Amino acid sequence: MNDQSVLLHTEGHILHITLNRPKALNALSHSMVHGIDGALTRAEADDSVTAVLIRGAGERGLCAGGDIRSIYEDARAGRRTSLDFWRDEYRLNARIARFPKPYIALMDGFVLGGGVGVSAHGDIRVVTERSRVAMPETAIGFVPDVGGSHLLAAAPGELGTHLALTGDQAHAADALLCGLADHYVPSPRLPGLVADLSRATTPGELAGTVRRYTAPAPPAGLARHRGWIDDCYAADTVEEILGRLDDSGVQAAREAAAALRTKSPTALKVTLEAVRRARRLGRLEAVLDQEFRVSCRAFEGPDLIEGVRARIIDKDRSPRWTPARLTDVTAADVARHFEPLGDRELGLCPAP
C-alpha cells in the first residue's frame, strides 16, 4: 500500500493490519479494501503466519465505516464507482468470515458501518469500555450493509431490529449480548494482550491468551429494555412499531420513536424488510448478495445523497427525505430494492 492507509507488519506469528487514516477515523477507501484483501492473501500463503489481527490507528476507533463523502461525490457526479467499492468490500466481508486462519479484531473505540464489516465477521472479536459499535445507515438514507443485516438478524429477540432501525451505538456489553463481539478487555490491557498474542502459535493458545486478559463487562443497557423492545419491534410494519413505541408507556421507547421519525422513511421500511429477509436467508453470502442489491437501489434513489448532505456536507441535520412520510413509501417501493440485478449480481451465493 503505497498510500500508507493500511499498514502491515508481523509480530511473532501474527500479521498485523492497521487501518491508518486516524484523522478520518480510519474510514475505509477502496484502496484500503484492496489492502486488507491483499494482506489476507499474504497471510493465507505464509505458513509462518498463524493468525491475523486488525486494529485502527489513533485513539478514537477501529473504523468509522466507508468513506461516505466519496460516495456522495460519486453519486452527485453521476458516476457508479461506489458500486465497485461495495462489490469488493462485501466480497472482503465474506472472505473474513471464511478465512482459514484465526482473524482477531480489536474493536476499540468507534466501530461503525464498514468497520463492523472488517471486524465482526472475525473469529476473536474484542471490545473495550470505549467501544461504540453501530450500523447507523438509516440516518443517511441508507440500509445496513457489510453483512450487518445478517449479524443483527441473529441478535436475541428484536434487539437487532432495534439497532438496525435506530442506528443506536452498542457499548461493550450490548455488543456482547447481541453477538457482535466475543470478549471484553479493558483498554489499558490491550498492549499486553497484543504482545502476548504474538507468542501464541495455535488457535487454542490464542483463545487462552485472550481469556487471560478478559474482565466482566459493565452491565448491558439493552438487557434492561428487552421487554418493550421485543414487543414493539415484533410488529409487521414500521408504522405499527412506532405505534407500539408511542403507546408503551416507557420513556426509552418514546425516545426511540422520536429518533426513528428523524430517519429516512424509505430506509426504515427497506431496513425492516432486509433484517426479516436476512433471518430467512441464513447464510452470510446470501445476505451479502441481498445487501448488494439493496445498496445499488439506494444509490439510485434520492435519500442517500440527501442524508449525506445533511449530516456530513452541510451538517444542518435537516434532511429532506423523498418521500417524507412513511405512508407514502409503498410496498412496491420497498420490493424494488430487492429485485435481481441480472448480470450485475454480486454472486457470492449463486441461485441453484
Side-chain angles (χ1 to χ4, degrees), residues 17 28 32-34 36-37 39-41 43-44 51-52 54 62-63 65-66 83-105 107 111-127 133-137 142-161 163-165 170 175-182 203 270-298 337-338 340-341 344-352:
I17 303 171
L28 286 176
M32 292 169 74
V33 168
H34 288 311
I36 298 169
D37 189 64
L40 296 185
T41 298
E44 191 168 357
V52 170
I54 191 166
L62 171 65
C63 175
L83 308 188
D84 296 328
F85 166 69
W86 286 325
R87 182 180 297 276
D88 290 337
E89 183 184 25
Y90 300 174
R91 289 185 176 277
L92 175 63
N93 302 146
R95 184 178 189 186
I96 289 169
R98 309 299 180 222
F99 194 64
K101 299 180 180 182
Y103 185 98
I104 306 162
M107 301 170 69
V111 185
L112 310 177
V116 173
V118 298
S119 60
H121 298 301
D123 303 292
I124 299 175
R125 305 166 299 173
V126 176
V127 286
V133 185
M135 299 298 300
E137 284 77 10
F142 199 47
V143 178
D145 64 339
V146 299
S149 63
H150 170 79
L151 295 164
L152 294 175
E158 296 294 336
L159 294 179
T161 308
L163 292 176
L165 292 176
L176 295 169
L177 174 64
C178 292
L180 302 173
D182 307 299
V270 175
T271 294
L272 181 62
E273 180 68 12
V275 172
R276 299 282 164 82
R277 290 188 182 215
R279 287 177 181 165
R280 298 192 294 270
L281 287 170
R283 287 189 61 193
L284 171 63
E285 288 85 355
V287 176
L288 285 165
D289 282 346
Q290 172 178 278
E291 289 178 347
F292 187 68
R293 297 180 197 115
V294 171
S295 296
C296 289
R297 303 300 187 197
H337 287 75
F338 298 89
L341 297 171
R344 295 190 295 125
E345 285 282 338
L346 184 61
L348 288 174
C349 190

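Because the structure is a prediction, the values reported are computed rather than measured. The analysis underlying the following values was restricted to heavy atoms, covering all of them including side chains, and did not include hydrogens, waters or symmetry mates.
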If I compare all heavy atoms of [X] with all of [Y], which pair ends up nearest, and what's the gap?
| X | Y | value |
| --- | --- | --- |
| S295 | F142 | OG-CZ, 3.4 Å |
| G114 | L28 | O-CD1, 3.8 Å |
| G113 | V146 | O-CG2, 3.4 Å |
| C178 | P156 | CA-CD, 3.9 Å |
| A175 | A170 | N-CB, 3.9 Å |
| L180 | M107 | O-CE, 3.6 Å |

Should [X] and [Y] count as side-chain neighbours, where that means a heavy-atom distance under 4.5 Å?
| X | Y | value |
| --- | --- | --- |
| R344 | L83 | yes |
| V127 | V111 | no |
| R95 | T41 | yes |
| V143 | E137 | no |
| P144 | T271 | yes |
| L346 | E291 | no |

In Å, rounded to the nearest 0.5 Å, how long is the span from [atom1] of [X] to [atom2] of [Y]?
| X | Y | atom1 | atom2 | result |
| --- | --- | --- | --- | --- |
| L284 | L151 | CG | CG | 7.5 Å |
| H121 | I96 | NE2 | CD1 | 7.5 Å |
| C296 | E345 | SG | CD | 8.5 Å |
| R276 | T161 | CZ | OG1 | 5.0 Å |
| R125 | I104 | CZ | CD1 | 13.0 Å |

If only atom types and distance count, is the side chain of [X] paired as donor or acceptor with the main-chain N or O of [Y] below 3.5 Å?
| X | Y | value |
| --- | --- | --- |
| D37 | L92 | no |
| R293 | F338 | no |
| E44 | P100 | no |
| Y103 | I54 | no |
| H34 | D88 | no |

Query - Residues in side-chain hydrogen bond (donor to acceptor under 3.5 Å, both in side chains) contact with E89, at least two apart in sequence or another chain - result: none
Salt bridge (Lys or Arg N to Asp or Glu O under 4.0 Å) against [X], all qualifying residues, sequence neighbours excluded:
| X | answer |
| --- | --- |
| R87 | none |
| D289 | none |
| D123 | none |
| E285 | R98, R283 |

Query raised in the report: Would you call the rings of F292 and Y90 parallel, tilted or perpendicular if under 30° counts as parallel and over 60° as perpendicular?
Result: perpendicular
Requested in this report: Scan for salt bridge (Lys or Arg N to Asp or Glu O under 4.0 Å) pairs involving residues 143-155, sequence neighbours excluded, and state none if there are none.
Outcome: none
Requested in this report: For I17 and V118, run side chain to side chain contact (heavy atoms under 4.5 Å, CB included): C-alpha distance rounded to whole Å, both residues' side-chain angles, the deciding distance at 0.1 Å, then the answer.
Outcome: CA-CA 11 Å; I17 303 171; V118 298; over 6 Å; no
Query raised in the report: Can R91 and V33 be said to form a side chain to side chain contact (heavy atoms under 4.5 Å, CB included), step by step?
Result: CA-CA 10 Å; R91 289 185 176 277; V33 168; over 6 Å; no
